Amino acid sequence: MVEIRLRNSRSRMVEPLTPLDPAKGVRMYLCGPTVYDRAHLGNARPSIVFDVLYRLLRHVSPENGWAPPVYVRNFTDVDDKINARAAEAGRSIGEITEETIGWYHADMDALGILRPDHEPRATDYIAEMVAMIETLVAEGHAYEAEGHVLFRVRSFEAYGRLSGRSVDDMIAGARVEVAPFKEDPMDFVLWKPSSDDLPGWASPWGRGRPGWHIECSAMSKALLGEVFDIHGGGNDLLFPHHENEIAQSCCANGTERMAQIWLHNEMLQVEGKKMSKSLGNFFTVRDLLDQGVPGEVIRFVMLGTHYSKPMDWTEKKREEAERVLTKWAALVQDVTAGDTPDAAVIELASDLNTAGAIAALHALAREGDTAGLRAGLDLLGFGDLSGFVVLKGMVASEDEARLASLAEHLAAARSGAMETKDFSPVDALKSALIAAGVEVRMSKEGVELIPGPGFDPSKLEGL
């Protein structure tokens, strides 16, 4: 039997994972995206963390005598940000959410992330949300005020245990929505009224829509039960979202807890600084993919840092990831996977030590155990590295010459654009190169063109 140990945010300790019901397998819920825009690099981290955990559980569950794991990751498809984006774009809310869900799937697929067993949309569980709110009102944990229904925070004595703060401390240090109809500043919205131009559903309190927090409580209960094994997300959700989920779920269900283990990953930085649009270092997953950075490279860089530590995306790490994956791709080309290496499993079972698992794969590569390396790569989510066999130094000489000529041409075009201020020719050539699977690096020193996975030399003709 493989013992899996995970860092529980509630106890602040690394604890063994024992399914509440082995016959139902490990049941886990990850708070998914609010679907109004592209997923940024930080959004990808919890999905990668839970993907590794899901893969580990699928591997060890048969040996441990557990049923297969059940993994749920939701889509929040009713939210004020979505409403605002639809109004701004002059498009329907349905169009916005459908398009964004498609983007999200494409981006996560590129990162090698498996689809969860269930991907519920909030709008499909409105009836469950209304029922849960009705129970909270009937039990005195919620109240109606001016068309809103609010959760009475002080009715739940355990509020604050997850984040380790008292209610009074939270009021002093948190940004809370001030509203005259609240009994207490910390009370939060379960249901709010909708005007005719906003999404709305019939309820005992009039036409309206749910608050954000109640959505996950209703969906997780419907798909995993009142109490399940693992709940998680980025640590920015620890308060207030997860704290509020616990309060409303425990009060509505009459349970002492919502989940056995709470798993939170730390945030992401770029070159040592917090990622933000104001600093100009804000990247979506699609931005990097379109720049020619393979999804496998993004995944590898993410896994190089323990999920409980801040992850720093740097150009040096990206280059190292590409170098390692290129080397490993050559080693495992046409190799059939052997037994999954115990060393990698042991590292992942130890609080998802992904860096340790990667170190185990380095050892297999040094030892020449290509069958074990292939199996270890599969375990970590690198199932297909065939594209990495065609990289710099592994392309035909005539293509290298063509790329060198195009680099000179792009450099000259950029120099001319600096004078004319018309960068459209530069952008057009850059886009064409990226479409051909070429990574474009532009710096003060010059232009470098690097063929990446998916490099198609035929697309260079005519450039």
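On a predicted model such as this, the values are computed, not experimentally measured, just so you know.
- Residues Glu266 and His306 have side chains that never bring a donor and an acceptor to within less than 3.5 angstrom of each other.
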| said: Please determine whether salt bridge (charged side-chain N to carboxylate O under 4.0 Å, His left out) holds for the pair Glu322 and Lys317, giving the CA-CA distance in whole Å, both sets of side-chain angles, and the decisive distance to 0.1 Å. | reply: CA-CA 9 Å; Glu322 190 168 284; Lys317 288 181 179 179; over 6 Å; no
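- Between Phe75 and His105, the ring-plane angle classifies as perpendicular under the 30° and 60° cut-offs.
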| Verdict with supporting geometry, Asp351 and Tyr307, side chain to side chain donor-acceptor pair (under 3.5 Å) | CA-CA 9 Å; Asp351 194 26; Tyr307 73 87; 2.4 Å; yes
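- Distance alone, capped at 3.5 Å, is enough to place a donor-acceptor pair between the Thr354 side chain and the Leu303 backbone.
- A salt bridge does not link Arg299 with Glu296: none of the charged nitrogens is closer than 4.0 Å to a carboxylate oxygen.
- Using modelled atom types, one finds a donor on one side chain and an acceptor on the other under 3.5 Å when comparing Asp77 with Thr123.
- Residue pairs satisfying the side-chain hydrogen bond (donor to acceptor under 3.5 Å, both in side chains) criterion with at least one member in residues 366-377, sequence neighbours excluded, are listed as follows: Arg374-Asp378.
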Using a 3.5 Å cut-off and no angle test, enumerate the donor-acceptor pairs between side-chain atoms of residues 286-295 and protein atoms at least two apart in sequence or in another chain.
| unit_1 | atom_1 | unit_2 | atom_2 | d |
| --- | --- | --- | --- | --- |
| Arg286 | NE | Asp107 | OD1 | 3.0 |
| Arg286 | NH2 | Asp107 | OD1 | 2.7 |
| Asp287 | OD1 | Thr284 | OG1 | 3.3 |
| Asp287 | OD2 | Thr284 | N | 3.0 |
| Asp287 | OD2 | Thr284 | OG1 | 3.1 |

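- In this structure, CD1 on Ile93 lies 13.0 Å from CD on Glu98, to the nearest 0.5 angstrom.
- Using modelled atom types and a 3.5 Å distance limit, the side chains of Tyr29 and Asn74 yield a donor-acceptor pair.
- Remark: side-chain polar atoms of Glu243 are paired, donor with acceptor, to backbone N or O of Ser163 under 3.5 angstrom.
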| What do the steps show when you test Arg73 against Phe50 for side chain to side chain contact (heavy atoms under 4.5 Å, CB included), and what is the final call? | CA-CA 10 Å; Arg73 184 187 65 206; Phe50 266 67; over 6 Å; no
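- At a cut-off of 3.5 Å, with distance as the only test, a side-chain donor of Arg209 or Ser194 sits close to an acceptor on the other residue.
- In this structure, Asp187 contributes its side chain and Leu150 its backbone to no donor-acceptor pair below 3.5 Å.
- Rounded to the nearest 0.5 angstrom, Leu463 CG and Leu433 CG are separated by 6.0 Å.
- Separating the SG atom in Cys216 from the CG atom in Leu237 is a distance of 8.5 Å, to the nearest 0.5 Å.
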| salt bridge (charged side-chain N to carboxylate O under 4.0 Å, His left out) evaluation trace for Glu320 with Arg323 | CA-CA 5 Å; Glu320 174 65 11; Arg323 185 189 67 78; 2.7 Å; yes
| query | Going through the checks in order, is the salt bridge (charged side-chain N to carboxylate O under 4.0 Å, His left out) test met by Lys192 and Asp80? | reply | CA-CA 11 Å; Lys192 51 189 170 184; Asp80 289 345; 3.0 Å; yes
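- Not less than 6.0 angstrom separates the ring centroid of Tyr71 from the ring centroid of His118.
- Heavy atoms from other residues, nucleotides or ligands lying under 6.0 Å from CD of Glu315 number more than 12.
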| Stepwise side chain to side chain contact (heavy atoms under 4.5 Å, CB included) test for Ile261 and Asp229 | CA-CA 6 Å; Ile261 290 178; Asp229 298 288; over 6 Å; no
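- Ser92 contributes a side-chain N or O that, together with a main-chain N or O of Glu95, makes up a donor-acceptor pair within less than 3.5 Å.
- Atoms OG and CG, from Ser203 and Leu190 in turn, are 11.5 Å apart once rounded to the nearest 0.5 Å.
- Side-chain N/O atoms of Ser47 and Tyr104 include a donor and acceptor closer than 3.5 Å.
- A distance-only check finds a donor-acceptor pair linking the side chain of Thr97 to the backbone of Gly94 [under 3.5 Å].
- Ser431 contributes a side-chain N or O that, together with a main-chain N or O of Asp427, makes up a donor-acceptor pair within less than 3.5 Å.
- A distance of 6.0 Å or more separates the ring centres of His148 and Trp191.
- Judged by the 6.0 Å and 45° rule, Arg10 forms no cation-pi pair with Trp262.
- For Lys430, the NZ atom counts as loosely surrounded, since its 6.0 Å shell holds 12 or fewer non-hydrogen atoms of other residues, nucleotides or ligands.
- Heavy atoms only, all atoms of each residue included: Pro69 and Leu57 are closest at CG-CB, 3.8 Å.
- Inspection of the Tyr54 and Asp117 side chains reveals an N or O donor paired with an N or O acceptor under 3.5 Å.
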| message | Quick one, Arg27 with Ile230, criterion side chain to side chain contact (heavy atoms under 4.5 Å, CB included). Give me CA distance, side-chain angles, the key distance, then yes/no. | response | CA-CA 6 Å; Arg27 291 165 288 161; Ile230 303 171; over 6 Å; no
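- Remark: the Thr314 side chain and the Asp312 side chain contain no N/O donor-acceptor pair separated by less than 3.5 Å.
- Between Arg441 and Glu319 there is a salt bridge, since at least one side-chain N of the basic residue sits less than 4.0 Å from a carboxylate O of the acidic one.
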| said: With ring-ring contact (aromatic ring centres under 6.0 Å, His included) as the criterion, how do His40 and Phe283 come out once you've worked through the C-alpha distance, each side chain's angles and the decisive distance to 0.1 Å? | reply: CA-CA 6 Å; His40 62 69; Phe283 300 109; over 10 Å; no
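- Checked options Lys221, Gln248, His242, His231; the residue passing with Met258 is His231 (criterion: side-chain contact (heavy atoms from CB on, under 4.5 Å)).
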| task | Applying side chain to side chain contact (heavy atoms under 4.5 Å, CB included), run through Met267 and Arg45 and close with a yes or a no. | result | CA-CA 8 Å; Met267 296 295 98; Arg45 196 177 190 195; over 6 Å; no
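- A perpendicular orientation is assigned to the rings of His213 and Phe188, their planes being inclined by more than 60° (bins at 30° and 60°).
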